[in-house]
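Basis for what follows: all heavy atoms, side chains included, without hydrogens, waters or symmetry-related copies.
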Amino acid sequence: MKLHQIPVQIFNLDHTLRCGQVFRWQKKGDEWIGVVKNSVILAKQEDEILTVKSDLAAEEIASYFRLDDDMEKVYGQIGKDKLMKEAIARYRGLRLVSQDPWECLISYVCSRNAPIKKIKSVIFNLSKNFGNVIKSDDHIEYTFPEPDVIAGTTLDKLGMCGFRYGKKQAREILEIAKLVSGNNFDLERLKKHSYLDAKEELMNLRGVGHKVADCVLLFSLDKLEAFPIDVHMRRLMRREYFQDKNVSDDKIRELAREYFGKYAGYAQEYLFYHERSYGGGK
DNA sequence: TCCCAGGTAACAT
DNA sequence: ATGTTACATGGG
């Protein structure tokens with residue numbers, strides 16, 4: 001394990017890992033524990049120093065936390081109104097992270113219409129049942145299972161992970177794993193496609209609709225204009241930008257694209273965290 | 001008992 | 001093209 005001391009500005013580790021974009025990081029004491037690129041990573045922040053213990057190279061860590069994103073520029077673009085300015089002030093330093101596309105895709109397929117607690121447990125079960133054990137110091141973690149491992153298992157074994165929609169969802173995951181492991185669906189290649197083209201390809205997969213596609217594009221394929229709309233975002237957007245009218249998701253996506261532009265995904269993440277923390281009467 | 005949860009696909013207008 | 005419903009389940 002190497003020790004990295006990385007100077008950071010406009011970066012907040014807690015907001016970044018708590019805002020809802022990742023499911024597997026955990027905070028123990030003042031330290032966060034996660035698994036990135038199949039290795040354990042320990043991270044903590046003190047003011048403008050991010051301390052990371054990991055086998056990863058410094059560039060890989062910087063890339064994962066998107067330290068090259070120009071946050072002043074992002075804030076200039078999305079800080080369009082009072083609500084956005086408040087969210088930015090409150091969560092200043094929240095950054096998107098660059099997740100592994102395969103893990104991200106399966107995680108969000110599992111997420112549908114389920115409470116976050118449930119999603120976390122499903123993903124933990126997948127990792128524990130089908131991933132590899134990795135130890136570092138006194139921590140035991142699991143890698144996220146590779147596509148060929150999922151593709152090679154059975155519906156019944158998959159089903160024991162506790163999916164929200166039982167075997168229906170297990171079938172979708174098995175089908176996607178077979179496509180990916182057989183090189184009939186290349187997730188990495190989608191990074192080179194335009195946002196809309198990549199989204200269309202993702203939505204050809206059974207089990208992937210607008211919301212999951214946008215999450216994968218935003219969280220793992222560098223498409224910062226993606227604006228995932230779930231129940232929370234729908235409620236917030238209707239309330240704040242459509243005078244409580246029950247507008248369609250298409251209308252909301254249209255507004256997001258025109259209003260927030262190429263950093264709509266950052267706007268979404270700040271608003272999502274805000275809504276989950278303070279909105280909806282909670 | 002009813003409502004809700006980081007939705008999607010199939011079906012009905 | 002847009003609106004509605006089954007799916008499946010633990011917690012408030």
Side-chain angles (χ1 to χ4, degrees), chain A residues 15-25 87 91 94 96-97 99-101 103-126 144 155-156 158-177 179 185 199-221 223-224 226-240 242 245-256 264-282:
Chain A
H15 292 330
T16 295
L17 297 179
R18 272 205 253 268
C19 69
Q21 60 183 325
V22 294
F23 297 115
R24 300 226 292 151
W25 282 87
Y91 306 124
L94 188 170
L96 290 165
V97 301
Q99 302 185 40
D100 171 67
E103 174 170 349
C104 189
L105 172 60
I106 297 304
S107 296
Y108 281 94
V109 166
C110 295
S111 78
R112 77 176 195 251
N113 207 19
I116 287 181
K117 203 172 167 184
K118 171 74 168 176
I119 301 167
K120 286 180 176 174
S121 93
V122 167
I123 295 168
F124 176 79
N125 290 339
L126 269 174
F144 192 80
L155 265 184
D156 286 333
L158 257 188
M160 295 196 302
C161 295
F163 302 114
R164 174 76 174 75
Y165 291 102
K167 286 204 174 171
K168 182 177 173 179
Q169 224 159 21
R171 264 190 289 274
E172 293 167 354
I173 288 164
L174 201 55
E175 190 177 314
I176 293 171
L179 284 172
F185 193 93
K199 183 165 177 178
E200 195 177 332
E201 290 213 39
L202 280 168
M203 288 178 65
N204 284 331
L205 298 171
R206 197 177 279 302
V208 178
H210 281 281
K211 192 271 178 177
V212 170
D214 276 329
C215 285
V216 175
L217 289 162
L218 177 61
F219 300 141
S220 73
L221 295 173
K223 304 304 181 195
L224 300 191
F227 191 86
I229 299 170
D230 69 324
V231 292
H232 305 288
M233 286 305 295
R234 190 173 299 121
R235 180 175 60 227
L236 175 144
M237 292 299 286
R238 286 175 176 177
R239 186 182 69 233
E240 301 291 340
F242 291 94
K245 276 194 296 186
N246 289 340
V247 295
S248 68
D249 288 358
D250 279 342
K251 290 285 184 200
I252 298 175
R253 270 188 289 274
E254 188 183 327
L255 174 90
Y266 259 111
Q268 191 272 358
E269 214 48 29
Y270 279 72
L271 291 174
F272 177 82
Y273 193 25
H274 186 265
E275 180 69 5
R276 294 252 325 147
S277 305
Y278 298 96
K282 289 182 185 177

Contacts of Arg112(A) and Pro115(A) projected onto DNA chain C by closest heavy atom; the upstream (5') one is Arg112(A)
Does Arg238(A) use its side chain to pair, donor to acceptor, with the backbone of Val247(A) at less than 3.5 Å? yes
For His232(A) and dG6(B), give me the distance from atom NE2 to atom P, rounded to whole Å. 4 Å
Quick check for you: among dT2(C), dG6(B), dG7(B), whose closest atom lies nearest to any side-chain atom of Ile119(A)? dG6(B)
Under 3.5 Å for both pairing distances: what stems, at least three Watson-Crick or G-U pairs long, include DNA chain C? B:2-5 with C:9-12, B:7-13 with C:1-7
If you count the non-hydrogen atoms of other residues, nucleotides and ligands that lie under 6.0 Å from CD in Glu200(A), is the total more than 12? no
Over all strands shown, is Val208(A) touching base, sugar-phosphate only, or nothing at heavy-atom distances under 4.0 angstrom? sugar-phosphate
Please give the distance between the P atoms of dG6(B) and dG12(C) as a whole number of Å. 13 Å
With a 4.5 Å cut-off on side-chain heavy atoms, are Val216(A) and Gln99(A) touching? no
Quick check on DNA chain B: between Pro228(A) and Arg206(A), whose nearest nucleotide comes earlier from the 5' end? Pro228(A)
For Tyr108(A) and dG6(B), do the ring centres fall under 5.5 Å apart while the planes stay under 30° apart? no
What does Leu205(A) touch in the nucleic acid at a heavy-atom separation under 4.0 angstrom: a base, only the sugar-phosphate, or nothing? sugar-phosphate
As a test of reading the structure: which of dG6(B), dG7(B), dA9(B) is closest to the side chain of Tyr165(A), going by heavy atoms? dG7(B)
Please check this pair: side chain of Tyr266(A) against backbone of Leu96(A), looking for a donor-acceptor N/O pair closer than 3.5 Å. yes
Test: salt bridge (Lys or Arg N to Asp or Glu O under 4.0 Å). Region: residues 113-126 of chain A. Which pairs qualify, not counting sequence neighbours? none
Students often get this wrong, so: under 4.0 angstrom with heavy atoms, is Gly207(A) touching a base, only sugar-phosphate, or nothing? sugar-phosphate
With side chains defined as the heavy atoms from C-beta onward, is the minimum distance between Phe227(A) and Met237(A) less than 4.5 Å? yes
